[in-house]
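Read the structure below first, then the notes.
Since the model is a prediction, treat every value here as computed from it, not as a measurement. Letters go in sequence order (proteins before strands), and every chain restarts at 1.
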Amino acid sequence: MEYKGYIINEDGKSIKVTNIKDFNPVHTFECGQCFRWRRQKDGSYTGVVREKVVNLRFYDGILEISNTNLDEFKDIWFDYFDLGRDYTDIKQKIMKDEVMEKAIAFGSGIRLLKQDLWEMIVSFIFSANNRIPMIMKTIEAVCRKYGNKIEYDGNTYFTFPSIDALSATDVQELEVCRGGFRCKYVVETARKIASGEVDIKELNNLSADKAGEVLMKLPGVGPKVSDCILLYSGTKYEVFPTDVWVKRVMQELYFKREASIREIRKFAQEYFGELAGFAQQYLFYYARENGIGAG
DNA sequence: TTGCAGGGGTCAA
DNA sequence: TTGACCCCTGCA
């Protein structure tokens, strides 16, 4: 069966998608954009997306996804893995200098996942002033406590909780998930969205700046978290989330001096234009994995 | 063993 | 513009 240029075989348990380019699961799942994909001993990745648990492996240009089928490929995975986008072309366009050449070579298999907007809002509120392993633990605990149970391959997994589930809880209860001072932001945010005070369905129709303004009405969401939410939900690609790592790599490799977050964002958005978000992801992964600016 | 700094920012003063 | 902030890890 062919679907939008990909040849897909399904056997009732899994699908194999051939002709996948510009994809490497390590680059994609370890580049800081997602928190719920876990590397298995055999090198495959298992993750929860929407109501599904799947296991994924990649070899010889073949993307094999277990516990799914062709209908779900069309409905979920094609968009989720951004398979309609030509990353070869994107990379060429943002490879403007030697820095980007190195960063892109290093993370050549990064794809920006189109993840659930609500899940990104909560996840990146938890990310503020926090470390990745800790963020993952907290999110997992939140799913365990407030999500729905899914059984797969002898293990129990949990879906990401609904807006209603988190708006109905109270801060003290959420705090057992070890989210610290961010818990009050998450509960308040859930309530503002549930009540309709902040409308997150309209973000697609707004400019990136306006969409950011809407998101920043939510407690715990500032410029950086807002950019992450927009980028990793596939809502806007011209944003340039500037955290401490991106700040460091930009200072060291572009500015050659101290520069403010504001200045860096502005520069990047002018330099990379509508593809700034992609550039950020290669730069972030390159900086963090190589400890650029850390010493 | 204990103690302390600091982290993929945001908020409030 | 600057400190506090939950919790945890790394390192004296």
Side-chain angles (χ1 to χ4, degrees), chain A residues 26-37 103 106-107 110 112-113 115 119-142 144-145 166 169-193 198 211-233 239-253 258-266 268 276-295:
Chain A
V26 177
H27 296 172
T28 295
F29 295 135
E30 315 273 351
C31 72
Q33 63 177 322
C34 55
F35 302 105
R36 300 204 70 201
W37 285 92
F106 184 78
I110 291 176
L112 283 177
L113 302 172
Q115 302 177 78
E119 181 173 337
M120 292 303 98
I121 291 172
V122 175
S123 299
F124 283 93
I125 289 176
F126 278 129
S127 81
N129 192 229
N130 207 348
R131 299 178 177 192
I132 292 176
M134 200 48 221
I135 302 165
M136 293 175 85
K137 274 186 198 168
T138 299
I139 291 172
E140 216 43 53
V142 171
R144 181 172 290 272
K145 187 167 167 58
L166 292 186
T169 191
D170 58 55
V171 178
Q172 284 192 338
E173 209 171 314
L174 183 60
E175 279 173 345
V176 305
C177 299
R178 307 274 137 201
F181 62 87
R182 307 161 193 89
C183 290
K184 60 179 181 293
Y185 299 147
V186 168
V187 174
E188 285 171 35
T189 285
R191 289 179 185 163
K192 286 197 179 199
I193 296 171
V198 175
E213 284 175 27
V214 171
L215 284 173
M216 283 190 278
K217 289 199 272 184
L218 300 168
V221 180
K224 190 272 178 181
V225 169
S226 165
D227 279 355
C228 286
I229 294 166
L230 290 172
L231 185 58
Y232 304 137
S233 64
V239 296
F240 194 80
T242 309
D243 54 47
V244 53
W245 287 103
V246 173
K247 184 174 189 291
R248 284 172 185 161
V249 71
M250 293 300 285
Q251 286 178 163
E252 187 161 324
L253 302 179
E258 278 286 318
S260 70
I261 301 254
R262 202 187 167 77
E263 186 180 11
I264 292 168
R265 283 177 90 210
K266 187 166 180 287
F278 296 94
Q280 186 273 359
Q281 206 55 36
Y282 295 107
L283 285 167
F284 171 75
Y285 185 60
Y286 179 58
R288 191 167 66 89
E289 296 291 314
N290 295 291
I292 291 176

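Judged as a salt bridge (charged side-chain N to carboxylate O under 4.0 Å, His left out), and not counting sequence neighbours, the contacts of A:E140 are A:R36, A:R38. Partners of A:E289 under the salt bridge (charged side-chain N to carboxylate O under 4.0 Å, His left out) rule, at least two apart in sequence or in another chain, do not exist in this structure. Residues that satisfy the salt bridge (charged side-chain N to carboxylate O under 4.0 Å, His left out) test with A:E175, not counting sequence neighbours, are absent from this structure. Not a single salt bridge (charged side-chain N to carboxylate O under 4.0 Å, His left out) links A:K137 to another residue, sequence neighbours left out. Partners of A:Q281 according to the side-chain hydrogen bond (donor to acceptor under 3.5 Å, both in side chains) rule, which considers only residues two or more places apart in sequence or in another chain, are A:Y232.
Salt bridge status for A:E258 with A:K247: present, with a side-chain N to carboxylate O gap under 4.0 Å.
Rounded to the nearest Å, the gap between the P atom of B:dA13 and that of C:dC6 is 15 Å. Separating the P atom of C:dC7 from that of B:dT1 is a span of 23 Å, rounded to the nearest Å. Of the C1' atoms belonging to C:dT1 and B:dG8, the separation is 22 Å, rounded to the nearest Å.
Along DNA chain C, read 5' to 3', the first and last nucleotides having any atom under 4.0 Å from a heavy atom of chain A are C:dC5 to C:dT9.
Between the P atom of B:dT10 and the CD atom of A:E188 lies a distance of 15 Å, rounded to the nearest Å. The interatomic distance linking A:K184 (NZ) with B:dA12 (C1') rounds to 11 Å, in whole Å.
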Look for any protein N or O under 3.5 Å of an N or O in nucleotides 5-7 of chain B and output each such pair with its distance, or none.
{"unit_1": "B:dG7", "atom_1": "O4'", "unit_2": "A:R131", "atom_2": "NH2", "d": "3.4"}

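The stretch residues 211-233 of chain A does not touch DNA chain C, since none of its heavy atoms comes less than 4.0 Å from the strand.
Across A:F29, A:F278, A:W245, A:F106, a single residue satisfies ring-ring contact (aromatic ring centres under 6.0 Å, His included) together with A:Y285, and that is A:F106.
Here the CD atom belonging to A:Q172 is positioned 11.0 Å from the SG atom belonging to A:C183, to the nearest 0.5 angstrom. Remark: A:C177 SG to A:R144 CZ distance equals 10.5 Å, nearest 0.5 Å. Once rounded to the nearest 0.5 Å, the distance linking CE of A:M216 with CD1 of A:I229 reads 10.0 Å.
Among the protein residues, A:F124 comes within range of no part of the nucleic acid, since none of its heavy atoms lies under 4.0 Å from any strand.
Base pairing in DNA chain C gives the following stems of 3 or more Watson-Crick or G-U pairs, range against range and under 3.5 Å: B:2-7 with C:7-12, B:9-13 with C:1-5.
Residues in residues 177-193 of chain A take part in no side-chain hydrogen bond (donor to acceptor under 3.5 Å, both in side chains) pair, two or more places apart or across chains. Listed by first and then second residue, the side-chain hydrogen bond (donor to acceptor under 3.5 Å, both in side chains) pairs involving residues 211-227 of chain A are A:D227-A:R265 (not counting sequence neighbours).
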Without placing hydrogens or testing angles, list every side-chain donor-acceptor pair under 3.5 Å for residues 121-130 of chain A, not counting sequence neighbours.
{"unit_1": "A:S123", "atom_1": "OG", "unit_2": "A:E119", "atom_2": "O", "d": "2.7"}
{"unit_1": "A:S127", "atom_1": "OG", "unit_2": "A:F124", "atom_2": "O", "d": "2.8"}
{"unit_1": "A:N130", "atom_1": "ND2", "unit_2": "A:F126", "atom_2": "O", "d": "2.9"}

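Comparing A:C31 and A:Y185 by the nucleotide of DNA chain B whose heavy atom lies nearest to each, the residue mapping closer to the 5' end is A:C31.
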